[in-house]
Amino acid sequence: MIIIMLSRCMNTADQLPKDIRGEQYTGAKTCVKCHQDLSRSYAHSPHGLTSMPVIDQELLKVFAPDSNSFNFGEHEKVVVEKRDSGIYQVAYTDGKEVRAQRFDIAFGSGEKAFTYAYWKGKKLYELPLSYFSAINNWANSPGFPKNTIYYDRGITSRCLECHASYAEKKLTQTSGISLDEEMEKGSLIYGIDCERCHGPGKQHVVFHMENPEEKKSKFITVYKSLTRRQKMDVCGVCHSGNNVLPLKSVFEFQPGDSLGDYYAQEFVGFGGGNPDIHGNQTTMLMSSSCYIKSETMTCQSCHNTHENVKGNLSIYSQRCMSCHKTTNHTKATLAKGMLTSNCIDCHMPKESSKLISFQQAGKEQLSPYMLRSHRIAVYPANSN
Ligand code: HEC
Ligand code: HEC
Ligand code: HEC
Ligand code: HEC
Ligand code: HEC
Ligand code: HEC
Ligand code: HEC
């Protein structure tokens with residue numbers, strides 16, 4: 001009897017799926033077994049969907065059949081075409097095909113945009129066209145040259161550090177001091193999964209499988225026990241912008257770690273003091289007097305990453321009112337209305353990114369990429 005018990009215990013860990021990140025991990029499929037409700041809502045969340053391999057049928061749902069071509073001037077165009085081995089972005093010059101690359105990976109949940117990548121050997125490159133939800137159409141990928149079709153922008157593991165859960169990479173020295181990066185296709189874990197935010201969970205799972213009567217969690221970081229700084233750092237891993245200098249891969253980051261061990265201080269003068277709005281909610285929020293003068297504000301004051309309340313500005317406004325029970329608005333401001341249902345549009349207005357804009361076909365001017373400002377303040381445009 002004792003022998004059987006023992007072997008059952010040893011087997012618990014062995015029965016769990018292997019995870020490429022290491023012995024301590026087990027993968028989101030295992031978490032789902034006991035945390036069904038959370039997992040169900042999570043499966044549709046932008047974090048979970050922020051990178052994925054392209055499945056043709058899903059891609060076809062994204063774009064309208066009559067919008068599958070983008071002109072770069074009079075002679076050149078890119079056409080999105082379905083072929084036997086997948087869907088391709090095909091470049092034509094004066095009607096003659098000059099290059100074709102397949103959609104292999106999609107970046108972005110499509111809330112605002114999709115950017116696509118193709119594999120060439122062990123490297124990823126960005127496709128010339130991205131899809132922008134604001135216009136329901138293709139546009140030249142952000143930052144790409146205006147009048148030529150470009151297939152050669154490398155996508156490094158840095159993109160995946162913010163948009164996926166793991167990628168194995170190898171650095172090799174090419175000429176002189178420059179380093180060349182290769183990634184193992186089969187090692188990619190798409191989307192941001194449970195263990196990306198909660199840390200490795202195998203020990204937690206083994207414990208609760210063996211002790212089903214235990215209702216208090218063990219061997220997993222309890223968020224409520226973290227300091228304010230630690231809570232901010234968990235989100236800051238991916239939400240503190242691009243003018244930080246990575247010291248090591250943030251795939252290793254676990255809740256409770258200090259972000260300072262992963263990123264060097266922001267470069268002064270490179271957007272420092274005037275951060276861009278894209279991907280930089282942490283810096284923006286921390287410069288708000290709500291953050292500075294309250295002792296408790298974190299991202300969780302307004303966001304529960306496990307539920308999607310996107311677009312429901314009255315729910316967000318209630319979160320403002322949990323601290324601001326009364327407000328001093330002038331008569332003129334009050335006259336504009338929406339005072340209890342929408343604090344957001346006046347105090348966290350949408351602003352256009354200085355780093356990202358996109359070019360539509362046949363248009364000279366770039367179209368803006370709009371994001372919510374996380375610097376909560378009185379904005380001149382809304383004053384009287
Ligand atoms: C065998 C069942 C089981 C599995 C599988 C499981 N958990 Fe849990 N988990 C529990 C129980 C029981 C609790 C405590 C009750 C509760 O909070 O739901 C818990 C609580 C938690 C908590 C809350 C911690 C706190 O107190 O704030 C987190 C976070 C968590 N689990 C993450 C995970 C992750 C990540 C995975 C996958 C790696 C996972 N769980 C897999 C049973 C499980
Ligand atoms: C591993 C990187 C990563 C971490 C860690 C992370 N995020 Fe995100 N987050 C992203 C990416 C990438 C997106 C864009 C998703 C998409 O494709 O739409 C995003 C989108 C969001 C959004 C907008 C979409 C939505 O769900 O409404 C919110 C809000 C958000 N994150 C909050 C947080 C908070 C709060 C934390 C900390 C608990 C956090 N994130 C941690 C990478 C991350
Ligand atoms: C983007 C980061 C992120 C991802 C991805 C994520 N979580 Fe969480 N999770 C959090 C944060 C932050 C909290 C704490 C919320 C709080 O205390 O307000 C939390 C809380 C929890 C809790 C405690 C119960 C609760 O609702 O407060 C459980 C259980 C949990 N997560 C399980 C999971 C599982 C299972 C997955 C994968 C399906 C997952 N989480 C994915 C950030 C994340
Ligand atoms: C430092 C983390 C970080 C890096 C690095 C990063 N992103 Fe993002 N990305 C984000 C965050 C956070 C968001 C969502 C919120 C925002 O734009 O502020 C986002 C949004 C996006 C979106 C729009 C998603 C949607 O549907 O709303 C796309 C597409 C995207 N990123 C692609 C890329 C690509 C391709 C790369 C590499 C060239 C990259 N990102 C590098 C953090 C990052
Ligand atoms: C965790 C509590 C908390 C939350 C949540 C919160 N605030 Fe604040 N906010 C504060 C504190 C504290 C101050 C500083 C008050 C003072 O100086 O007397 C402040 C200041 C402000 C100011 C004055 C800014 C300035 O620069 O003078 C505005 C406007 C404001 N908050 C709007 C909002 C809005 C809108 C929301 C929701 C999107 C919100 N706050 C959410 C705590 C909070
Ligand atoms: C005072 C409330 C509040 C706090 C605190 C807050 N956010 Fe937001 N956040 C919002 C609102 C409101 C929106 C807009 C939601 C919508 O349009 O549906 C938003 C949108 C976002 C988006 C989507 C991008 C966009 O511009 O649409 C991301 C990403 C995000 N928040 C991340 C964070 C992160 C990371 C933190 C912590 C550093 C944080 N937020 C703290 C209120 C807040
Ligand atoms: C129509 C735009 C508008 C809306 C809606 C709005 N505000 Fe304001 N708010 C302002 C302006 C403008 C000021 C500066 C004082 C003035 O001119 O009325 C201000 C001032 C403030 C202040 C600083 C003064 C004080 O009371 O200490 C806070 C805090 C504040 N607002 C919070 C909120 C909250 C919370 C909501 C939602 C319940 C909200 N505001 C809705 C425009 C707006």
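The figures here come from the full heavy-atom set of this structure, side chains too, leaving out hydrogens, waters and symmetry mates. Whatever order the structure lists ligands and atoms in, that order sets their numbers, starting from 1.
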* Quick one: does Q281 get an N or O within less than 3.5 Å of an N or O on ligand 4? -> yes

* Asked: Do any N/O atoms on I155 end up under 3.5 angstrom from N/O atoms on ligand 4?
  -> no

Is the shortest side-chain N to carboxylate O distance from [X] to [Y] below 4.0 Å?
X: D193; Y: R21; answer: yes
X: E182; Y: K122; answer: no
X: R102; Y: D104; answer: yes
X: R99; Y: D152; answer: yes

What residue and atom, counting heavy atoms only, is the protein's closest point to [atom], and at what distance?
atom: atom 16 (C) of ligand 1; result: K215 O, 4.5 Å
atom: atom 17 (O) of ligand 3; result: K224 NZ, 3.9 Å
atom: atom 27 (O) of ligand 1; result: V222 CG1, 3.7 Å
atom: atom 15 (C) of ligand 3; result: Q300 CG, 4.4 Å

Give the atoms of ligand 1, by number and element, whose distance to some non-hydrogen atom of [X] is under 4.0 Å.
X: T26; value: 38 (C)
X: E195; value: 38 (C)
X: E214; value: 12 (C)
X: T30; value: 5 (C)

* Nonpolar side-chain network containing F219, other nodes, edges under 4.5 Å -> F207

Parallel, tilted or perpendicular, as decided by the 30° and 60° cut-offs, for the rings of [Y] and [X]:
X: H347; Y: H329; answer: tilted
X: H35; Y: H204; answer: parallel
X: Y223; Y: H198; answer: perpendicular

Contact atoms of ligand 4, heavy-atom distance to [X] under 4.0 Å:
X: H239; result: 12 (C)
X: S109; result: 26 (O)
X: G110; result: 26 (O)
X: G108; result: 24 (C)

My understanding is that we take every heavy atom of each candidate and find the minimum distance to [atom]. Doing that for [options], which one comes out nearest?
atom: atom 29 (C) of ligand 4; options: T156, L124, T115, V237; result: T115
atom: atom 37 (C) of ligand 4; options: P46, C159, C162, C238; result: C159
atom: atom 9 (N) of ligand 4; options: R372, H47, E111, H163; result: H163

* To do: Would you give the length of the straight line joining atom OH of Y369 to atom NZ of K350, rounded to the nearest 0.5 angstrom?
  => 11.5 Å

* Could you grab the distance from atom CG of L313 to atom CZ of R319, nearest 0.5 Å is fine? => 11.5 Å

Test item: protein heavy atom less than 4.0 Å from [atom]:
atom: atom 40 (N) of ligand 3; result: yes
atom: atom 34 (C) of ligand 1; result: yes
atom: atom 25 (C) of ligand 3; result: no

* **ligand 1 contact by K202, heavy-atom criterion under 4.0 angstrom** => no

* If you leave out waters, which protein N, O or S atoms are less than 2.8 Å from atom 8 (Fe) of ligand 3? -> H198 NE2, H306 NE2

Over all atoms of both residues, closest heavy-atom pair of [X] and [Y]:
X: F114; Y: A106; result: CD2-CB, 4.4 Å
X: K215; Y: P212; result: NZ-O, 3.1 Å
X: M284; Y: S373; result: CE-OG, 3.6 Å
X: V222; Y: S217; result: CG2-OG, 4.2 Å
X: T148; Y: F72; result: O-CE2, 3.7 Å
X: S157; Y: K169; result: OG-CD, 3.4 Å

* **4.0 Å heavy-atom contact, V234 with ligand 3** => no

Pairs of donor and acceptor atoms involving the side chains of residues 76-86, under 3.5 Å and at least two apart or interchain, shall be tabulated with distances.
| from | atom 1 | to | atom 2 | distance (Å) |
| --- | --- | --- | --- | --- |
| E81 | OE1 | R83 | NE | 3.3 |
| E81 | OE1 | R83 | NH2 | 2.9 |
| E81 | OE2 | Y92 | OH | 2.4 |
| K82 | NZ | D56 | OD2 | 3.4 |
| R83 | NH2 | E97 | OE1 | 3.0 |
| S85 | OG | Y88 | OH | 2.7 |

* Asked: Side chain, backbone, both or neither: which part of Y369 has a heavy atom under 4.0 Å from ligand 4?
  -> side chain

* Asked: Do you reckon Y118 sits in the same ILVMFWY cluster as F144, going by side-chain contacts under 4.5 Å, direct or chained?
  -> no

* **ILVMFWY network linking I189 to V32, side-chain heavy atoms under 4.5 angstrom** => no

* **Neighbour count >12 (heavy atoms, 6.0 Å) for atom CD, E214** => yes

* **Donor-acceptor pair between T50 and H163 side chains, under 3.5 angstrom** => yes

* Asked: Which bit of N304 gets closer than 4.0 Å to ligand 3, counting heavy atoms only: side chain, backbone, both or neither?
  -> neither

* 2.8 Å cut-off (strict), protein N, O or S atoms about atom 8 (Fe) of ligand 1 -> 2

* E161 near ligand 4, heavy-atom distance under 4.0 Å? -> no

* Look at the side chain of S352 and the backbone N and O of M370, then say whether any donor-acceptor pair between them is shorter than 3.5 Å. => no

